[in-house]
Amino acid sequence: MGVRPPANDDGDEPDAVEFGIAAVDARLDGVDVTFPATRGDIVGVLNHPDVPYDATGRTVSLADAIEETGRREFESEQDLLNALHPVFEKHRSSPAGIIDQVKAMLPF
């Protein structure tokens with residue numbers, strides 16, 4: 001998933017903010033992962049990233065997200081993304097904690 005960031009005329013900002021499976025997909029495009037791949041293979045080659053799961057910037061570690069799938073191996077990149085989709089949806093629909101609410105109110 002992705003959303004457009006706030007309007008900014010300096011031209012330095014990306015066209016969209018990627019989160020969820022779109023963010024994982026973008027990271028996978030920049031590395032060499034051979035499928036089938038294990039959870040450790042994927043997390044290791046991506047250098048243990050935190051992945052934003054909503055447009056406000058809340059994140060979950062990729063290792064934790066993959067762990068929540070209950071799977072140890074993925075046959076293809078699409079298999080991985082399909083397995084991660086409900087995990088990110090669950091996180092996205094969970095209520096924001098007090099710290100997340102305060103961050104959302106601040107202009108930075």
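Not measured: the values here are computed from a predicted model.
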Inset, instruction - May I ask you to decide if H85's main-chain N or O and N82's side chain share a donor-acceptor pair within less than 3.5 Å? - result: no

Legend entry - Interatomic distance, L84 atom CG to H91 atom NE2 [nearest 0.5 angstrom]: 10.0 Å

Legend entry - S94 side chain reached by R58 side chain, heavy atoms, under 4.5 Å: yes

Inset, instruction - With the side chain counted from C-beta on, respond yes when V51 and T59 share a heavy-atom pair under 4.5 Å apart, and no when they do not. - result: no

Legend entry - Minimum-distance pair of heavy atoms, taken over all atoms of V43 and P49: O-CD, 4.4 Å

Inset, instruction - Please name the pair of heavy atoms, one in E75 and one in F35, separated by the smallest distance, quoted to 0.1 Å. - result: O-CB, 3.3 Å

Inset, instruction - Flag the pair Y53 / F88 as yes when at least one side-chain heavy-atom distance between them is below 4.5 Å, and no otherwise. - result: yes

Inset, instruction - Any chance you could lay out the side-chain contact (heavy atoms from CB on, under 4.5 Å) test for E77 and V33, step after step, and finish with the verdict? - result: CA-CA 9 Å; E77 182 176 333; V33 180; over 6 Å; no

Legend entry - Rounded distance (nearest 0.5 Å) linking atom CG of L81 with atom CD1 of I21: 5.5 Å

Inset, instruction - Establish, from distance only, whether the side-chain atoms of S76 and D79 form a donor-acceptor pair under 3.5 Å. - result: no

Legend entry - Pairwise distance CD(E73) to CD1(I66) - rounded to 0.5 angstrom: 12.0 Å

Legend entry - Heavy-atom check, side chain of R72 versus side chain of T38, under 4.5 Å: no

Inset, instruction - State the CD-CZ distance between E18 and R27, to the nearest 0.5 angstrom. - result: 8.5 Å

Legend entry - ILVMFWY network linking V87 to L28, side-chain heavy atoms under 4.5 angstrom: no

Inset, instruction - Please tell me if the side chains of T69 and R39 come closer than 4.5 Å, counting only heavy atoms from C-beta onward. - result: no

Legend entry - Side-chain heavy-atom pair V24, I42 within 4.5 angstrom cut-off: no

